[in-house]
Amino acid sequence: MDKSKKYKQARERMVEQQMRARGIRDERVLQVMLSVPRHLFVAPDMRYAAYNDAPLPIGHHQTISQPYIVALMTELLELKGDECVLEVGTGSGYQAAVLANIARKVYTVERIHDLVVEARQVISELGLDNVEVLEVDGTLGLPEHAPYEVIIVTAAAPQVPEPLKEQLSDGGRLVLPVGGRMGQMLERWRRNGDDFDCERIAPVAFVPLVGDHGWESSESRSTW
Ligand code: SAH
């Protein structure tokens with residue numbers, strides 16, 4: 001069997017077993033998980049495991065999230081198609097590619113230079129021209145393009161960074177893991193004027209968010 005057919009079948013299995021069976025219902029999310037080639041976002045010697053039910057290393061002590069977590073966080077954002085999205089923590093660029101297939105515009109920010117370069121490369125090879133990958137500290141948000149209808153943070157925050165709340169539109173959703181370095185609660189925040197409601201969704205484990213409104217980098221290096 002040729003490789004692209006093999007990967008397509010792996011994606012179909014992933015969506016049935018890891019997503020539909022666990023309650024992901026948003027058809028837009030399921031469709032995009034079927035179409036984005038996750039194997040292109042990991043190193044060639046990791047591709048065999050790209051559709052496994054697990055996170056994978058992407059170098060620099062960072063990981064691409066488990067496919068189910070990507071689907072769950074995307075569903076929680078309630079995207080309809082016309083949103084401007086900020087993602088903090090580009091990593092491999094996979095989550096950004098998933099978002100770009102549903103939203104109007106995606107700004108994704110990353111602090112590690114090599115990951116920025118690699119993510120830009122894959123995203124451009126896939127022809128996703130509505131994504132911009134920027135090398136900045138995402139705990140400060142990205143004020144120049146604010147406000148955002150949707151903000152997603154794919155690294156673990158000790159608390160919700162204030163700039164991200166400020167840069168959220170009225171009615172907007174902010175999805176992020178909040179807690180300690182070893183384990184966090186996935187939370188969805190919703191803005192209503194000056195009020196913010198928080199729903200606690202599920203326990204998760206992400207790599208740390210490092211920056212002015214996150215963890216200090218020396219602390220995270222010693223643990224991770
Ligand atoms: N969404 C990614 C996985 C992210 S892993 C994917 O689909 O592959 C978390 C990423 O957040 C890491 O690459 C890490 O370097 C990055 N990160 C941590 N703190 C950050 C910060 N303050 N600003 C931007 N990126 C940050």
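When a ligand or atom number is given, it counts from 1 through the structure's own listing order. The chain is numbered in sequence order, starting from 1.
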#### Entry: Exercise: do R22 and Y68 side chains pair donor with acceptor under 3.5 Å
no

### Query
Considering only heavy atoms, does V207 approach ligand 1 within less than 4.0 Å through its side chain, its backbone, both, or neither?
side chain

### Query
Side chains of R11 and P37: does their closest heavy-atom pair fall under 4.5 Å?
yes

### Message
Below 4.0 Å, non-hydrogen atoms only: which portion of E87 touches ligand 1? Side chain, backbone, both or neither.
### Response
side chain

### Task
Give the residue and atom name of whichever protein heavy atom lies nearest to atom 23 (N) of ligand 1, and the separation in Å to one decimal.
G138 N, 2.8 Å

### Check: V88 N/O within less than 3.5 Å of ligand 1 N/O
no

### Query
Would you call V136 a ligand 1 contact, heavy-atom distance under 4.0 Å?
yes

### Query
Does any donor atom in the side chain of T90 or Q95 lie under 3.5 Å from an acceptor atom in the other side chain?
no

### Task
Decide whether Y107 and H145 meet the rule of one side-chain donor and one side-chain acceptor closer than 3.5 Å.
yes

### Query
Is E135 close to V109 at the side-chain level, that is, under 4.5 Å between some pair of heavy atoms?
no

### Query
With atoms numbered from 1 as shown, which atoms in ligand 1 lie under 4.0 angstrom from a non-hydrogen atom of V109?
24 (C), 25 (N)

### Task
Provide the number and element of each atom of ligand 1 under 4.0 Å from a heavy atom of T139.
22 (N)

### Task
Under 4.0 Å from a heavy atom of D137: give me the atoms of ligand 1 that qualify, with their elements.
21 (C), 22 (N), 23 (N)

#### Entry: Proximity winner for atom 10 (C) of ligand 1, if only heavy atoms of M73, R38, E110, Q95 are counted
E110

### Query
Can you tell me which residue and heavy atom of the protein come closest to atom 21 (C) of ligand 1, and the distance to 0.1 Å?
V210 O, 3.5 Å

#### Entry: Validation row: E199, R190 side chains within 4.5 angstrom (heavy atoms)
yes

### Part of I112 within contact of ligand 1 (heavy atoms, under 4.0 Å)
side chain

### Query
Got the closest protein heavy atom to atom 20 (C) of ligand 1, with its distance?
R111 CD, 3.4 Å

### Message
Can you see whether D170 engages N192 through a side-chain donor-acceptor pair at a distance of less than 3.5 angstrom?
### Response
no

### Task
Mark up the atoms of ligand 1 that fall under 4.0 Å of a heavy atom belonging to I64, in ascending order.
8 (O)

### Message
Are there over 12 heavy-atom neighbours, none belonging to F196, within less than 6.0 Å of that residue's CZ?
### Response
yes

### Under 3.5 Å: N/O of G89 near N/O of ligand 1
yes

### V70 to ligand 1, any heavy atom closer than 4.0 Å
no

### Task
Measure the shortest side-chain to side-chain distance between C84 and R104 over non-hydrogen atoms and say whether it is less than 4.5 angstrom.
yes

### Task
Among all protein heavy atoms, pick the one closest to atom 8 (O) of ligand 1 and tell me residue, atom and distance.
S92 OG, 2.6 Å

## Note on the structure
closest protein heavy atom to atom 5 (S) of ligand 1 is T63 O, 3.1 Å

### Query
With no hydrogens and no angle check, is any side-chain donor or acceptor of E75 less than 3.5 Å from a backbone partner on R25?
yes

### Query
Tell me, do L176 and I152 make a side-chain contact under 4.5 Å, heavy atoms counted?
no

### Query
Nearest protein heavy-atom contact for atom 12 (C) of ligand 1: which residue, which atom, what distance?
Q62 OE1, 3.2 Å

### Query
Is T108 close to V88 at the side-chain level, that is, under 4.5 Å between some pair of heavy atoms?
no

#### Entry: Min heavy-atom dist P208 to ligand 1 below 4.0 Å
yes

#### Entry: Numbered atoms of ligand 1 (with element) below 4.0 Å of L115, judged on heavy atoms
13 (O)

